[in-house]
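The next block holds one structure in the form of structure tokens; read it before the comments.
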Amino acid sequence: MEQRLANTWQMTVNERKFIEMALAADLRVDDRGPFDYRPCTITFGRHKLKYLQFSFTNRVGGSSEVQLGETHVMSYVTSQLVQPYRDRPNEGTLSIFTEFSPMADPAFEAGRPGEFAIELGRIVDRGLRESGAVDMESLCVVVGKLVWSIRVDLHILDNGGNLIDAANIAALASLLTFRRPECTLGGDDNHELIIHDIEDREPLPLIIHHLPVAVTFAVFGEGNIMVIDPSYKEEAVMGGRMTITMNSNGDICAVQKAGIGISSSVIIRCLEICAVKAAEITSKINHANLLDSQMESFNDGRSIQYPNFHPVDVAIQDNLPDVIMNKKQIENLTGHLAALPLDALDRNSNKSGAVVVGTNTRAKFENNQARDGVPFYSPSNWDPYPRKLCSCLARSSLKLSGLPEDVEEDKVNTTQSVKVECGLEHTKGASSSRALETASEYTTVEATSQYIKAPKTLKDAVKIQNRKMRK
Amino acid sequence: MNSMPSDSASMSFVDRVVVPGDHVLDLTGMANQTIKLGAGLRQDGDAISVMKAGKLRISKPNKYWVESSHKRYVPCVEDTVLGIVVDSKFDNFLVDIKAPMLGLLPVLAFEGGTRRNIPKFEIGTLLYVRVVKANNTMNPELSCMDETGKAAEFGPLKDGYMFETSTGLARMLLSSPPCPILEALGKSLSYEIAIGLNGRVWVNAASPSTVILVSNAIMNSEFLSAAQQKIMVEKLMKRLQ
């Protein structure tokens, strides 16, 4: 008990009285105006693929870090193909997850999310999903069968006050920079779904109609003193909190209020202030995104390696092989999905039993678009961060073994990549892989590639736990 | 960084940043001399080597020590610190002094303290106290009296505002001659300040804006040189007018 007392943060009576007195005189202890935000920095994460000996860098994006004064939040976006909900067969899904790390604040505990963690996730979720900010219908691939599911993970790294605003900005920035692989229907009878490899076709951004920005007001005194962007100490003293999610068009997307009562005239005034602030923050996010995408186009990855990035530090981006599924396979897939136990659908668990979906394989080496008809790996084995197998390698190995690709989700450094020359030739001119030699090379290559396991990371430990809990 | 053995070479390390493993003084050339070693230094045979990263300091004629700045405080005897009351027990107040363990302030450790007039401190009271006993196995013991038993400014601090800094900044503020920032602020403003060696600073003044100005000026002055501190204060004063 004494140790816990020693480790929690204490606030003195002097500070509490002083902050309230200063606010009554319209002064804030960090010398800000009552409606001033702290300086905000938005950084985007670059996800690159180190591709065997070649330095392909393909940016599929998806992460951002926001520093708002002392508050530090990171957001990460990933996507997966799933079956849509039955009542919305033509819409993708968006889900928000929050992780409150104990390193952010001694009050946060590892494990189950606390009340505030759930509230924060809900506020961000409401602003994004229910206002229709992210276009869901464009995420549909095959109506009723396959849609993209977007998952946003918010990690709180440092709590300096006003986590809601920072987390919201981080979520928006990462959604803006996220890219998903392009899928088309093609093949003979236009019933085959091709998920294009990242190197072959530029991955697509999400369609985002507007940016719902959250602005948090802290309430003091009798409900008449409001300040924007409370700091940690102000949050400890405040009587209530109101978060308004608004976009730059002036549309109110969501309002969340907690604590002491506020009169309606004060609320109207806050809405007016919020409109101004939301416009400012929106322009800031857009500006940062623009700069970032300009950087990307400068360093377009075919032959340039980012000079500042050492390969070992690079997170591996997903490398979806091009896959063709004919109609029957799609049906098999969805049938299997329905029959799978719950935990197998967990995107992160890739150790559940390999589900072979459809055994029809068709080998085709025709024109550019044709690929081996390989059985598509089931979602339980789908991994956004496979080891660095090149797509052709993956295809060939899948074709020969008939098994779904057994890849592990990890952020492996490139020194552990397959040290085999990719001896395959694409009929497409775009990629620069080398010439195909014999089929025997396939087998040797496939044998080595399939059994190299990347070292276990923290994520593996967490995954196993998830499955145990569900069981 | 191996030092060439000579007395003049050790002077070149003084007031410079040293890291563990550095040999800063060679004793072969100094027979019949006494050298006093403070924190962070150790005798390694014939040389004095550094154990803690920081700046090497000397106090003439023969005292050496390494000074470093941290966000947490390691209690030392006779330090004056600012503590926050966390709990009160039958014979002790539990006081948080930013140390690994809570400090214990006996209820009788006040001037003229008896069982009948035990002060009542609510949780969150800010106290200016002195460390009486400190070692790394026990909770540090505190007192609101000086050695002679007088109150001497110790005790609860009323009103004002408290903020936390690193221990290095607190030491700089307590240095004599007075720190340039405090002098420059004192020329145009009147304020009251209490500095704890554990990195807590309490400021009080007539108006809240003065308190806010002083506290922000001090927080920003940690890595500024004396001249820069004076310039910053001048700019702040101009802004006020």
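Sequence lines set the chain letters: A, B, ... in the order given, protein chains first and strands last, and positions in each chain run from 1. None of the values given here were measured: they were computed from a predicted structure.
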Subject >> Part of Lys98(B) lying under 4.5 Å from any heavy atom of chain A >> reply: neither

Original post:
Is chain A contacted by the side chain of Ile84(B), its backbone, both, or neither, given a heavy-atom distance below 4.5 Å?
Top reply: side chain

**OP:** Give, as side chain, backbone, both or neither, the part of Arg16(A) having an atom under 4.5 angstrom from any heavy atom of chain B.
**Re:** neither

**OP:** Evaluate the side chain to side chain contact (heavy atoms under 4.5 Å, CB included) criterion for residues Asn14(A) and Tyr161(B): first the C-alpha distance (whole Å), next the side-chain angles of each, then the deciding distance (0.1 Å), finally the verdict.
**Re:** CA-CA 6 Å; Asn14(A) 314 48; Tyr161(B) 177 65; over 6 Å; no

Subject >> Between Gly160(B), Gly124(B), Ser215(B), the one whose heavy-atom pairs under 4.5 Å with chain A are most numerous >> reply: Gly124(B)

Subject >> Nearest heavy-atom neighbours spanning Asn198(B) and Ile97(B) >> reply: ND2-O, 3.1 Å

**OP:** Kindly indicate whether a cation-pi arrangement holds for Arg130(B) with Phe110(B), taking the cut-offs as under 6.0 Å to the six-membered ring centre and within 45° of the axis.
**Re:** no

Original post:
Looking at Lys89(B) and Asp87(B), does any basic side-chain N land under 4.0 Å from a carboxylate oxygen?
Top reply: yes

**OP:** Go through Ile123(B), Val86(B), Asp96(B) and name the one with the most non-hydrogen pairs under 4.5 angstrom from chain A.
**Re:** Val86(B)

Subject >> Donor-acceptor pair between Asn162(A) and Asp229(A) side chains, under 3.5 angstrom >> reply: yes

**OP:** Between chain B and each of Asp30(A), Ile19(A), Val13(A), count heavy-atom pairs under 4.5 Å; write down the option with the most.
**Re:** Val13(A)

**OP:** Locate the shortest heavy-atom distance separating Leu185(B) from Ala217(B); write the atom from each residue and the value.
**Re:** CD1-CB, 4.1 Å

Subject >> Under 4.5 Å from any heavy atom of chain A - which part of Asn139(B) >> reply: side chain

